[in-house]
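Here is the structure we will look at, set down as structure tokens.
Residue numbers begin at 1 in each chain, while the letters A, B, ... track the order of the sequences.
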Amino acid sequence: MKIAYMGSGTFATNILDKLLLEDNIQITKIITQPAKPFGRKKQLLATELKQFVDSNNLDIPTFECSNSKQILEILEPGEVEFLVVCDYGVLLKQAVLDLPSKYCLNVHGSLLPHLRGASPVQMTIYNQDQLAGICVQEMVLKLDAGPVFMSDSYEVDFTETTPGLIQKLSIMGANILIKTLNQILDENLKPVEQNASEATFCSKIPKEMGCVNFLEHDAKQIFAAFRAFISWPGIYFTHGDVVYKILDCKIVSDLDLKPGEFSFSKKQMFVGCLNGTLEILKIQPQGKKEMDVSSFVAGYKSRFV
RNA sequence: CGCGGAGUAGAGCAGUGGCAGCUCGUCAGGCUCAUAACCUGAAGGUCGGUGGUUCGAAUCCACCCUCCGCAA
């Protein structure tokens, strides 16, 4: 079968990697987002999917498109049976959804209709959900509202991080995607409509969501935010007009502190939260390099007592 | 010309013109059943670089190098 593949990030890259191993699947074209300026020097950085294509010397035409119009110039109607979209980040117009002769499919990192939107995996962890999941849905104009062909779920524990969960879900997603594709062709598999009344939503994660306040949040919530936002945006707090990123932390149970109270030993740093206590293990003050907490205690302790 | 912080002992930080400091680490010794605890002592510096101002510069000026936060 002929497939055109659209995507950008880790999720899309992992799934593509698995699709390439299937003998009966022929990926004829890859579409990804244009390289965007990144970092302090605004260097252009290609998407992870594009880097994957280049570093593996894949012999598949790869295009960079930022909108539906550009996609329509690349793909002819009926040219492929499926258009598979993972982690692309742009709403597609109906004309694009109509391009494949069979279906336009999307692999989404939650159990739809829960967590429709841009950040399902992060929010699964942030919300401390017990069950993570993955769906293959038919794409419709309304975001992540299409009928579902197949899904799979995974029980998360309270130490799971976003990169770890993406890794697991993308492998599961690739498996059900391949099953879905084959069953549509062999058995004319039909999708099941979502129950729209149960839908929940998640948006792109703004930087401010990583701001933690020890007076207002539980240690569990902060630890969940840390695990959810570990690659972006990260979590941070302010103290005395200085921003501190928390780069590693854990919950401790044998120490009771008032909310917002800091406690230090020679090599350890603890902070009381609304409920519970957090130990900070790695930290980065604004304008400084990241440092382990024993270095931090040596130089910064005096600002916290 | 996007905005901003920073470079001082192995690490992290003070130090705004007059003898180079603090905490931690390291080493030696002591205390202790014992210790990441405590006590005593020691080693360890071209204050990022170059030039300038000055009787005198870590400190003021100019340029350069490097690291980082924000923004995108």
Side-chain angles (χ1 to χ4, degrees), chain A residues 7-13 31-51 64-68 70 87-91 117-119 122-123 126 161-163 202-214 216-217 222-223 225-257 260-272 277-305:
Chain A
S8 61
T10 306
F11 207 69
T13 305
I31 299 170
T32 190
Q33 294 274 355
K36 289 180 180 170
F38 189 81
R40 223 186 324 274
K41 293 171 185 170
K42 294 184 178 177
Q43 296 156 328
L44 288 180
L45 186 71
T47 63
E48 192 173 336
L49 188 73
K50 170 74 171 161
Q51 293 177 42
E64 298 186 358
C65 298
S66 56
N67 55 50
S68 294
Q70 295 174 359
D87 185 17
Y88 190 67
V90 171
L91 280 172
S119 55
Q122 287 91 333
M123 293 311 288
Y126 182 77
T161 63
T162 292
C202 56
S203 57
K204 279 188 180 176
I205 298 166
K207 174 80 179 175
E208 304 78 58
M209 275 193 82
C211 184
V212 301
N213 183 326
F214 301 115
E216 295 174 2
H217 300 134
I222 294 172
F223 189 53
F226 163 69
R227 291 179 286 119
F229 304 149
I230 202 162
S231 47
W232 199 91
I235 62 169
Y236 61 94
F237 66 97
T238 56
H239 187 270
D241 290 331
V242 179
V243 176
Y244 299 90
K245 286 187 184 178
I246 297 173
L247 299 171
D248 197 7
C249 63
K250 68 178 181 185
I251 295 174
V252 292
S253 54
D254 55 352
L255 183 63
D256 204 21
L257 295 172
E261 181 186 1
F262 291 91
S263 169
F264 296 87
S265 72
K266 274 192 180 176
K267 295 181 175 177
Q268 290 175 299
M269 174 177 184
F270 304 93
V271 58
T277 298
L278 208 62
E279 179 175 2
I280 294 172
L281 300 169
K282 197 178 283 185
I283 192 168
Q284 182 175 27
Q286 186 175 38
K288 293 292 190 176
K289 288 183 180 178
E290 68 174 75
M291 60 186 82
D292 59 47
V293 80
S294 59
S295 295
F296 184 80
V297 171
Y300 284 82
K301 181 182 172 182
S302 61
R303 305 182 192 190
F304 284 81
V305 291

Using whole Å, report how far [atom1] of [X] lies from [atom2] of [N].
X	N	atom1	atom2	answer
A/Ile283	B/G69	CD1	C1'	14 Å
A/Asp292	B/G25	CG	P	13 Å
A/Phe296	B/G25	CZ	P	18 Å
A/Phe264	B/C22	CZ	P	21 Å
A/Gln286	B/C70	CD	P	8 Å
A/Leu45	B/A72	CG	P	18 Å
A/Gln268	B/G12	CD	P	20 Å
A/Lys289	B/G5	NZ	P	19 Å

Paired with [N]: which nucleotide, if any, by Watson-Crick or G-U wobble criteria at under 3.5 Å for both distances?
N	value
B/C38	B/G30
B/G45	none
B/G18	B/C55
B/C3	B/G69
B/U23	B/A11
B/U50	B/A62

Below the 4.0 Å mark, does [N] have OP1 or OP2 next to a side-chain nitrogen or oxygen of [X]?
X	N	result
A/Arg303	B/A14	yes
A/Lys207	B/C70	yes
A/Lys288	B/G69	no
A/Tyr300	B/C13	yes
A/Lys266	B/C24	yes

Open item on the list: Can you tell me how the ring of A/Tyr244 sits relative to the ring of A/Tyr300, calling it parallel under 30°, perpendicular over 60° and tilted otherwise?
Closed with: perpendicular
- [ ] Please work out which of the three classes, parallel, tilted or perpendicular, describes the rings of A/His239 and A/Phe304, given edges at 30° and 60°.
- [x] parallel
Task: For the student: nearest non-hydrogen atoms of A/Leu247 and A/Phe226, plus distance - done: O-CE1, 3.4 Å
- [ ] Among B/C13, B/U23, B/G69, find the nucleotide with the atom closest to the side chain of A/Lys245.
- [x] B/G69
Task: Closest to side chain of A/Met291, choosing from B/G69, B/A11, B/C13 - done: B/C13
Using the [atom1] atoms only, state how far [M] lies from [N], rounded to an integer number of Å.
N	M	atom1	result
B/C55	B/C65	P	32 Å
B/A58	B/G49	C1'	14 Å
B/C68	B/G48	C1'	15 Å
B/C13	B/U8	P	9 Å
B/G21	B/A9	P	14 Å
B/C70	B/G52	P	39 Å
B/G15	B/G7	C1'	15 Å
B/U46	B/U59	P	16 Å

Open item on the list: For a quick check of understanding: with a heavy-atom distance under 4.0 Å over all strands, which category does A/Lys267 fall into, base, sugar-phosphate or nothing?
Closed with: nothing
- [ ] With heavy atoms under 4.0 Å as the rule, sort A/Glu290 into base, sugar-phosphate or nothing.
- [x] nothing
TODO: Would you mind reporting whether A/Glu290 and A/Lys245 have side-chain heavy atoms less than 4.5 Å apart?
DONE: no
TODO: Taking the side chain as every heavy atom from C-beta outward, state whether A/Ile235 and A/Cys211 have any pair of such atoms under 4.5 Å apart.
DONE: no
Open item on the list: If you assign A/Ser294 and A/Pro37 each to the RNA chain B nucleotide with the nearest heavy atom, which residue ends up on the more 5' nucleotide?
Closed with: A/Ser294
Open item on the list: Test side chain to side chain contact (heavy atoms under 4.5 Å, CB included) on A/Leu49 and A/Tyr88; report intermediate values, then the result.
Closed with: CA-CA 10 Å; A/Leu49 188 73; A/Tyr88 190 67; over 6 Å; no
Open item on the list: For the CG atom on A/Asp256, are there more than 12 heavy atoms of other groups (residues, nucleotides or ligands in this structure) within a distance under 6.0 Å?
Closed with: no
